Colleague: 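Before we start, here is the structure in question, set down as structure tokens.
This is a predicted model, so every value here is computed, not measured. By convention in this document, chain letters (A, B, ...) are assigned in the order of the sequence lines, proteins followed by strands, and residues within each chain are numbered from 1. Only this structure's heavy atoms are used, side chains among them; waters, hydrogens and symmetry mates stay out.
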Amino acid sequence: MARMKFLCDAERCIECNGCVTACKNEHEVPWGINRRRVVTINDGQVGAEKSMSVACMHCSDAPCMAVCPVDCFYKTEDGVVLHDKDLCIGCGYCFYACPFGAPQFPASNASAPDGRSTDWFGARGKMDKCTFCAGGPEENGSQEEFAKYGRNRLSEGKLPICAEMCSTKALLGGDGDVLADIYRERVTVRGKGSEVWGWGTAYGKPDKQSDAGSATGKAEQSS
Amino acid sequence: MVRTLLVAIWLVVCSALGGAAAIAVADDAAVATDSAQQQVNRQAQQPLNNAPVWRGVRSGAAHSTQATGREAGVLIQSAGETWRQIRNGPITLIGGLLLILVPIAIALFYGLKGPLKLHGQPTGKLVQRFSSWERAIHWSTAIAFVVLAVTGVLLLFGKHILIPVIGHAGFAWFATIAKNVHNIVGPLFIFCVACMFIVFVRDNIWHGIDWEWLKKAPQVLSGKAHVPSGKYNAAEKGWFWGGVALLGLVVGASGLILNFPNFEQTRFTMQIANIVHGVGALLFVAASLGHIYMGTIGTEGAYKAMRTGYVDETWAKEHHELWLNEVKS
Ligand code: SF4
Ligand code: SF4
């Protein structure tokens, strides 16, 4: 069984924000909410700048799942972390707990016309996050599913649109073992630079990423 | 007056947090340029070694991004996992135990010692103990407190206790109500507590005689000894200062931070506030059980006093002798 993962190669990401745009368009994500974002470290510093795309990583031992007071998260057979918006009470706990800042709230994220958050009295609205293009609990491909979670590409046999659209193939999404193989090959060709950012946090220590093998063959990524 | 007090408290809390945030941001900026230089040097010596960048990823500092939203520039925040461990661990476990053990202890005490009864005969002469204004404040605070306690307990423990019984959809229905009621009644409760503090503080000032009472507390509570006290005895004053005033302030301030995320406070601030709120609230609820017990079935005549405002002279003499003397003179 495939264990779905995201991998972003910081040596390749050019901060084009194509993944962000593709996601917003594919799922008709509401104004103010970004399910995926690109973050640049040392922006504008020649020789030091690195960009990486980040969204929900679909963690193995997912903190969001653990703290949700209404237990609205569930994990698919593919290891994708999904949630039920009908149950969500908008408490924001998943946002406190998530290492990657993935959970988003319609009232928190500058969704008001004047760009100010409207989450007074903790009224954030229902949580929204990356679904790995796998929809939600509604029937696959249904109108209701699309309205709440966006398109369910996985059920159509397609991989996440962000990674599919990535022009440099910095962002990969799919079976963790396959991603690890691709990445290992890149590292071999480059000779150095074997760290995959975020994998330690999302999927555990390299020796525990058993369902993925080690991305690099070396146990040295720290993030 | 009350509003000024609230605003003052709020400002103190905000400025403390704001100051801390400003220091953190300044630090981040320094670290950022520093790590950029480190990365440049590292690339020159060892091409493709990104260690300084990975440190930047893990630092929890905000980097550049086109995305808007809370802390969008932060790649990884590690504190969330710590918060999860504390909340799902000790707070849920010890807090849950506390809410089970305290009622058991009270029930045992009641079973063994029974209620505090009057020794003498009621005289039939009534003395006014609480004005209608005092009673109105007490009961508004009490009702708000119970509503907050029930909804709060539901949100913390419902996942473990109610979902297995009524299912996810049923519980989510309750939880939606609980969350919204909790968030709206919360500020009302703060207002009530502030009023209560102002109205009740005068008679709750600590006096030397209260030490006497405290020393003999076990005997007094089992009705074997008598230490005269003013309008409130040491235990009541303890509840006033430790419960109403201190825990009221703690849960109030932390609650406001959580209740108004629109001030762009960081996740770290809210994690801390959530822990403080949880610990404070659980202690508050546990302590309130003692107060509720003593004010109802634990002491003959106590409930009637807060209900009607009047007590019998015998009751006043046996429980609050100094106060009775004062009232009579
Ligand atoms: S990245 Fe965040 S939202 Fe996604 S599974 Fe992990 S903790 Fe949950
Ligand atoms: S905001 Fe919704 S999904 Fe997130 S923890 Fe709260 S109830 Fe669960």
Side-chain angles (χ1 to χ4, degrees), chain A residues 10-11 17 20 32-34 37-43 45-48 50 52 54 63 66-72 84 86-93 95-101 104 108-110 115-124 190-193 195 197-198 201 221-223, chain B residues 32-33 35-40 43-44 46-50 52-54 56-58 63-78 80-81 83-84 87-88 155-156 158-159 163 168-169 171-172 175-176 178-180 183-184 187 258-262 264 267 270-271 274:
Chain A
E11 299 299 330
N17 280 288
V20 177
I33 290 182
N34 288 301
R37 64 192 196 278
V38 176
V39 175
T40 304
I41 293 194
N42 304 328
D43 195 10
Q45 317 254 4
V46 179
K50 290 272 180 290
M52 39 212 105
V54 56
V67 298
C68 177
V70 294
D71 197 24
C72 80
D84 187 338
D86 293 345
L87 302 181
C88 172
I89 61 172
C91 65
Y93 286 2
F95 176 64
Y96 300 174
C98 173
F100 300 99
Q104 306 279 302
S108 300
N109 289 2
R116 289 229 308 278
S117 51
T118 53
D119 45 2
W120 293 76
F121 291 95
R124 298 174 166 84
R190 285 180 204 148
K192 265 194 187 126
E195 301 93 340
W197 89 270
T201 303
Q221 83 262 30
S222 57
S223 33
Chain B
T33 32
S35 84
Q37 196 47 51
Q38 282 175 19
Q39 179 63 31
V40 171
Q43 284 291 331
Q46 306 172 34
L48 289 171
N49 182 328
N50 295 327
V53 165
W54 302 132
V57 168
R58 285 312 304 235
H63 306 281
S64 335
T65 180
Q66 303 303 313
T68 54
R70 305 290 162 87
E71 297 176 80
V74 177
L75 278 163
I76 297 181
Q77 61 116 9
S78 314
E81 178 62 18
W83 172 72
R84 163 202 177 172
R87 176 187 178 271
N88 285 12
L155 289 170
L156 182 56
K159 184 180 189 171
I163 288 182
H168 283 84
F171 178 65
T176 307
K179 178 216 166 197
N180 290 305
N183 286 357
I184 286 166
L258 297 165
N259 207 3
F260 296 96
N262 45 295
E264 301 281 318
R267 283 169 288 186
M270 293 196 275
Q271 288 154 4
N274 182 273

Colleague: For A/Val20, is it the side chain, the backbone, both or neither that has a heavy atom under 4.5 Å from a heavy atom of chain B?
Modeller: neither
Colleague: Taking A/Arg190 first and then A/Glu11, would you say they form a salt bridge - that is, a charged N and a carboxylate O separated by under 4.0 Å?
Modeller: no
Colleague: Quick check on A/Ala10 against chain B: is it the side chain, the backbone, both or neither that has a heavy atom closer than 4.5 Å?
Modeller: side chain
Colleague: Of the backbone (N, CA, C, O) and the side chain (C-beta and beyond), which part of B/Val74 lies under 4.5 Å from a heavy atom of chain A, both, or neither?
Modeller: backbone
Colleague: Please check this pair: side chain of B/His63 against backbone of B/Gly56, looking for a donor-acceptor N/O pair closer than 3.5 Å.
Modeller: yes
Colleague: B/Ile163 versus chain A, heavy atoms under 4.5 Å apart: side chain, backbone, both or neither?
Modeller: side chain
Colleague: Quick check on B/Gln66 against chain A: is it the side chain, the backbone, both or neither that has a heavy atom closer than 4.5 Å?
Modeller: both
Colleague: Is A/Asn17 in contact with chain B via its backbone, its side chain, both, or neither, using a 4.5 Å heavy-atom distance?
Modeller: side chain
Colleague: Would you confirm whether B/Gln77, through its side chain, and A/Phe100, through its main-chain N or O, come within 3.5 Å as a donor-acceptor pair?
Modeller: no
Colleague: With a 4.5 angstrom heavy-atom cut-off, which part of A/Val67 approaches chain B: side chain, backbone, both or neither?
Modeller: both
Colleague: Any salt bridge linking A/Asp43 with A/Lys50? Criterion: basic side-chain nitrogen under 4.0 Å from a carboxylate oxygen.
Modeller: no
Colleague: In terms of heavy-atom proximity below 4.5 Å to chain A, should B/Arg87 be classed as side chain, backbone, both, or neither?
Modeller: side chain
